[in-house]
Novice: 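Here's a structure for you.
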Amino acid sequence: MATSRYSSQRAAILGNLQSRIDHPSADVIYTDIKKTMPTISLGTVYRNLQVLCDNGQVRKISFSDQIVHYDANMANHHHFVCKKCHSIYDIEISTFQNENIEHSVETVEVVYHGICNACQEK
């Protein structure tokens, strides 16, 4: 894990990610942070997101929309991506059996695609 000194901008970015259940892009995070830190740049957001990823505090995820999204939930979990509205939802993992795998498994990432409940009700 990389170490780095404290940054109020990094703390704001991490706090923003930890307070949400969606999986925003850097642009969405930048737009949110800019409301309280008007001098922050998009480049600063990208650099700090990379530090947070390097430190194991945030993970990058990307799906079929080719946009990198960020997730502060570091517990093992799957994702559901709505094909209509492109929302991303967490799905908790109950168990994972790896006794039949000959390799050392560190993480498992499964993505379900479909139509979310909100879009089905429209």
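When reading the values below, keep in mind they use all heavy atoms of this one structure, side chains included, and skip hydrogens, waters and symmetry mates.
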Novice: Test side chain to side chain contact (heavy atoms under 4.5 Å, CB included) on Tyr70 and Ser25; report intermediate values, then the result.
Specialist: CA-CA 6 Å; Tyr70 294 88; Ser25 66; 5.8 Å; no
Novice: Measure the CG-CG distance between Leu42 and Asp27 for me, rounded to the nearest 0.5 Å.
Specialist: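 So the CG of Leu42 and the CG of Asp27 are separated by 5.5 Å.
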Novice: Going by side-chain hydrogen bond (donor to acceptor under 3.5 Å, both in side chains), name the residues that satisfy it together with Arg47, two or more places apart in sequence or in a different chain.
Specialist: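 For Arg47 the side-chain hydrogen bond (donor to acceptor under 3.5 Å, both in side chains) partners, ignoring immediate neighbours, are Thr44.
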Novice: How about Glu121 and Asn117: does a side-chain donor come under 3.5 Å of a side-chain acceptor?
Specialist: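 Judged by distance alone, the side chains do not pair up.
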Novice: Do Asn48 and Ser7 make a side-chain contact, defined as non-hydrogen atoms from C-beta onward lying under 4.5 Å apart?
Specialist: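 Answer yes - side chains close enough.
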Novice: Are Val111 and His78 close enough that some pair of their side-chain heavy atoms sits under 4.5 Å apart?
Specialist: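 No, their side chains stay 4.5 Å or more apart.
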Novice: For the atom pair OH (Tyr89) and SG (Cys116), what is the distance rounded to the nearest 0.5 Å?
Specialist: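 Going from the OH atom of Tyr89 to the SG atom of Cys116 covers 3.5 Å.
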Novice: Would His79 and Ile61 satisfy side chain to side chain contact (heavy atoms under 4.5 Å, CB included), going step by step from the backbone distance to the final call?
Specialist: CA-CA 10 Å; His79 291 101; Ile61 51 176; 3.9 Å; yes
Novice: Can you list every salt bridge (charged side-chain N to carboxylate O under 4.0 Å, His left out) pair that touches residues 77-90, not counting sequence neighbours?
Specialist: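 Pairs touching residues 77-90 that pass the test: none.
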Novice: Between atom CZ of Arg59 and atom NE2 of His23, what is the distance when rounded to the nearest 0.5 Å?
Specialist: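 With rounding to 0.5 Å, CZ (Arg59) is 8.0 Å from NE2 (His23).
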Novice: Within the structure provided, determine whether Pro24 and Leu17 are in side-chain contact (heavy-atom separation under 4.5 Å).
Specialist: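 Contact flag for Pro24/Leu17 side chains = yes.
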Novice: Is there a donor in the side chain of Asp71 and an acceptor in the side chain of His77, or the other way round, less than 3.5 Å apart?
Specialist: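 On atom types as modelled, these side chains qualify, holding a pair under 3.5 Å.
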Novice: Quick one: are Tyr30 and Ile40 in side-chain contact, heavy atoms under 4.5 Å?
Specialist: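 The answer is yes; the side chains approach within 4.5 Å.
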Novice: Should Val28 and Leu14 be regarded as members of a common hydrophobic cluster, given that ILVMFWY residues are connected when their side-chain heavy atoms come within less than 4.5 Å of each other, either directly or indirectly?
Specialist: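 In one cluster with Val28: Leu14, no.
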Novice: From Asn16 CG over to Lys35 NZ, what is the distance, rounded to the nearest 0.5 angstrom?
Specialist: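 Those atoms lie 9.0 Å apart.
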Novice: Take Tyr112 and Ile91 through the test side chain to side chain contact (heavy atoms under 4.5 Å, CB included) and record every step on the way to the result.
Specialist: CA-CA 9 Å; Tyr112 298 88; Ile91 299 174; 3.5 Å; yes
Novice: Within a strict 4.5 Å, meaning less than it, do heavy atoms of the Gln57 and Met74 side chains meet?
Specialist: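 Contact flag for Gln57/Met74 side chains = no.
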Novice: Would you compute the distance between atom CD of Gln50 and atom CZ of Arg10 and round it to the nearest 0.5 angstrom?
Specialist: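 Nearest 0.5 Å value for the CD-CZ distance: 11.5 Å.
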Novice: Which heavy atom of Cys85 sits nearest to which heavy atom of Cys82, and what is that distance?
Specialist: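 Taking every non-hydrogen atom into account, N-SG, 3.4 Å.
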Novice: Is the shortest side-chain heavy-atom distance between Ile13 and Val58 below 4.5 Å?
Specialist: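 They are not in side-chain contact.
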Novice: Report whether Val68 and Ile33 are members of the same hydrophobic cluster (ILVMFWY, side-chain heavy atoms less than 4.5 Å apart, transitive linking).
Specialist: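 As far as the 4.5 Å side-chain criterion goes, Ile33 and Val68 are connected within one cluster.
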Novice: Where is the tightest heavy-atom contact between Ile115 and Gln120, given as atom of each residue plus distance?
Specialist: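 Taking Ile115 first and Gln120 second, the nearest heavy atoms are O-NE2, 2.8 Å.
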